[in-house]
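Each residue takes its place number in the sequence, starting with 1.
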Amino acid sequence: MDQAQRIDALEHIEAIKQLKHRYWRACDGKDPKAFRDCFIRSGAHLDYGRMGAFDDADPMVEIFTRFALHKVDGKHVILDMHHGMHPDITLTGAHTATGRWTLRFRQVNLIDNTELVSTGEYDDDYVIEDGVWKMSRSRFTELWSITRPLPADSVIAEGTFTATT
């Protein structure tokens, strides 16, 4: 592989990393459109364990929208934090790639007054669609989680979300 091919490969890998970070940012920012834009137009296979398995991204977007944007008294009641790390991206063709990631996840649920902390692994497939990397398959396997009640004296301060809610 010559230098130009190596640079091209690194640029593709960086674009895939940016895609996955946009996905997590959309999750935390409660942005269903940005979330949907991370997947191919149709036929994406998603398997998110407890959340379900789907043969297209749209049903997952509906679930995401229902939970992430749920408000009580004008305030969001599900607050998420996704931290993805340890990317392992392999280009498998001119327009295809695979990737593995570790996720550290934290959720505050103000309906149940609980905090969930968990970790797991993503196993993804990526394709170039209309000149842009998109996820065509995403499978999340939870490794462990802990749910605990929020202390009675917890103070929850919600910031500003940029998504239209």
Ring centres of W24 and Y122 under 6.0 Å apart? yes
Less than 6.0 angstrom separating the ring centers of W101 and H21, yes or no? yes
Check whether any side-chain heavy atom of [X] lies under 4.5 Å from a side-chain heavy atom of [Y], and answer yes or no.
X	Y	result
K134	F39	no
N109	E115	no
D80	Q107	yes
T90	I13	no
W144	T119	yes

What's the spacing between [X] [atom1] and [Y] [atom2] if we round to 0.5 Å?
X	Y	atom1	atom2	value
H70	L110	NE2	CG	10.0 Å
W133	L19	CH2	CG	9.5 Å
H86	T102	NE2	OG1	4.5 Å
I128	S136	CD1	OG	11.5 Å
F64	Y48	CZ	OH	10.5 Å
Y126	C38	OH	SG	10.0 Å

When you check the side-chain N and O atoms of E121 and T141, is any donor under 3.5 Å from an acceptor?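 The criterion, which ignores hydrogens and geometry beyond distance, is not satisfied for T141 and E121.
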For D125, all residues meeting salt bridge (Lys or Arg N to Asp or Glu O under 4.0 Å), sequence neighbours excluded: R137
Main chain of [Y], side chain of [X]: is a donor-acceptor contact present, judged purely on distance under 3.5 Å?
X	Y	value
K30	L69	no
S154	L150	no
D112	T114	no

Ignoring hydrogens, what is the shortest heavy-atom contact between [X] and [Y]? Give both atom names and the distance.
X	Y	value
G99	I89	CA-CD1, 4.0 Å
M85	H83	CE-O, 3.6 Å
F35	M60	CZ-CG, 4.0 Å

Any salt bridge (Lys or Arg N to Asp or Glu O under 4.0 Å) pairs touching residues 5-24, not counting sequence neighbours?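 For residues 5-24: K20-D124.
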Applying salt bridge (Lys or Arg N to Asp or Glu O under 4.0 Å), which residue pairs with at least one partner in residues 37-63 are found, sequence neighbours left out? K33-D37, R36-D58, R41-E129, R41-D130, R50-E142
Determine, using the 4.5 Å side-chain heavy-atom cutoff (strictly less than), whether [X] and [Y] are members of one ILVMFWY cluster.
X	Y	value
L103	L143	no
L116	M51	yes
V61	I63	yes
F67	I111	no
V108	V72	yes

T98 vs D88, side-chain contact (heavy atoms from CB on, under 4.5 Å): CA-CA, chis, key distance, verdict: CA-CA 8 Å; T98 61; D88 182 4; over 6 Å; no
Heavy-atom count check: over 12 atoms from other residues, nucleotides or ligands less than 6.0 Å from Q3 CD? no
